[in-house]
Amino acid sequence: MRKLLILFAACCLAAACTREPQPEEIVAQTAKTYYDLLLQGKYEEFVDGRFQPDSIPAGYREQLITNARMFVGQQQEEHRGIKQIRVANAKADTARHTANVFLVFAYGDSTNEEVVVPMVERRGVWYMR
């Protein structure tokens with residue numbers, strides 16, 4: 001009987017580990033990944049994570065990349081940089097293909113700030129709005 005109970009518990013654990021991720025988990029990890037790219041200095045990839053309904057002119061794209069670089073520099077000056085990003089929460093509306101992800105920025109000066117990242121899903125990919 002004990003072996004049967006252990007086998008049942010192992011099956012339940014395996015089933016829990018292999019469950020499909022919820023939309024909130026997917027969109028939260030996506031938003032965090034975009035901001036991790038920003039912290040790694042991958043400004044082009046960060047900008048590519050923004051939803052653009054149409055192609056944008058090269059000059060505008062360069063402005064967005066420059067703005068991302070300036071944002072990181074500003075955070076370095078004001079807070080000694082962003083040292084870590086954590087997901088606080090996420091709310092997804094799968095019917096409307098939108099979500100809000102709440103990230104916590106942990107700064108080098110030991111302060112924290114929670115920011116909301118609006119997201120939109122297009123063709124199965126989540127983008128920042």
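Quick note: numbers below take in every heavy atom, side chains included, and nothing from hydrogens, waters or symmetry partners.
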Audit row: Phe51, Trp126, side-chain contact (heavy atoms from CB on, under 4.5 Å) steps and yes/no: CA-CA 8 Å; Phe51 177 70; Trp126 286 99; over 6 Å; no
Nearest heavy atoms of Ala31 and Leu103, plus distance in Å: O-CD1, 4.2 Å
For Asn100 and Pro118, the nearest pair of non-hydrogen atoms, with its separation, is OD1-CA, 3.5 Å
When you group the ILVMFWY residues by side-chain heavy-atom contacts below 4.5 Å and let the links chain together, are Phe71 and Tyr127 in the same group? yes
Given the rule in the side-chain contact (heavy atoms from CB on, under 4.5 Å) test, do Tyr43 and Val72 qualify, once you have shown the distances and angles that lead to the verdict? CA-CA 10 Å; Tyr43 307 115; Val72 171; 3.9 Å; yes
How long is the straight-line distance from CG of Leu64 back to CD1 of Ile56, given to the nearest 0.5 Å? 5.0 Å
State plainly whether one hydrophobic cluster holds both Val120 and Val115, where clusters connect Ile, Leu, Val, Met, Phe, Trp and Tyr through side-chain heavy atoms under 4.5 angstrom apart. yes
Mind checking side-chain contact (heavy atoms from CB on, under 4.5 Å) for Asp48 and listing every partner two or more places apart, or none if nothing turns up? Arg61
Do the non-hydrogen side-chain atoms of Lys91 and Asn89 ever get within less than 4.5 Å of each other? yes
Nearest heavy-atom contact between Glu114 and Ala88 is OE1-CB, 3.6 Å
Nearest 0.5 Å please: distance from the CG atom of Leu39 over to the CD atom of Gln75. 9.5 Å
Distance-only donor-acceptor pairs under 3.5 Å for side chains of residues 79-87, two or more places apart:
| unit_1 | atom_1 | unit_2 | atom_2 | d |
| --- | --- | --- | --- | --- |
| His79 | ND1 | Asp109 | OD2 | 3.0 |
| Lys83 | NZ | Arg80 | O | 3.2 |

Under a single-linkage rule joining Ile, Leu, Val, Met, Phe, Trp and Tyr whose side-chain heavy atoms are separated by less than 4.5 Å, which residues share a cluster with Phe102? Val116
Where the side chain of Gln29 meets the backbone of Ile26, is there a donor-acceptor pair that is under 3.5 Å apart? no
Val47 pairs by side chain to side chain contact (heavy atoms under 4.5 Å, CB included) with which of Leu37, Thr66, Asn67, Ile65? Ile65
Which atom names give the shortest non-hydrogen contact between Ala92 and Ala99, and what distance separates them? CA-CB, 3.8 Å
Would you indicate whether Arg96, at its atom CZ, is surrounded by more than 12 heavy atoms from other residues, nucleotides or ligands within a distance under 6.0 Å? no
Distance col, row Glu62:CD vs Arg69:CZ, nearest 0.5 angstrom, shows 8.0 Å
Minimum heavy-atom separation for Arg129 and Met119, please, with both atom names. NE-O, 3.6 Å
Flag the pair Glu25 / Gln22 as yes when at least one side-chain heavy-atom distance between them is below 4.5 Å, and no otherwise. yes
Taking the side chain as every heavy atom from C-beta outward, state whether Tyr107 and Asn112 have any pair of such atoms under 4.5 Å apart. no
Going through the distances and angles, do Met128 and Tyr35 end up as a side-chain contact (heavy atoms from CB on, under 4.5 Å)? CA-CA 10 Å; Met128 297 178 290; Tyr35 274 87; 3.8 Å; yes
What's the spacing between Lys42 NZ and Thr33 OG1 if we round to 0.5 Å? 11.0 Å
Kindly indicate, with the supporting measurements, whether the criterion side-chain contact (heavy atoms from CB on, under 4.5 Å) is fulfilled by Gln74 and Gln76. CA-CA 5 Å; Gln74 179 184 15; Gln76 184 64 37; over 6 Å; no
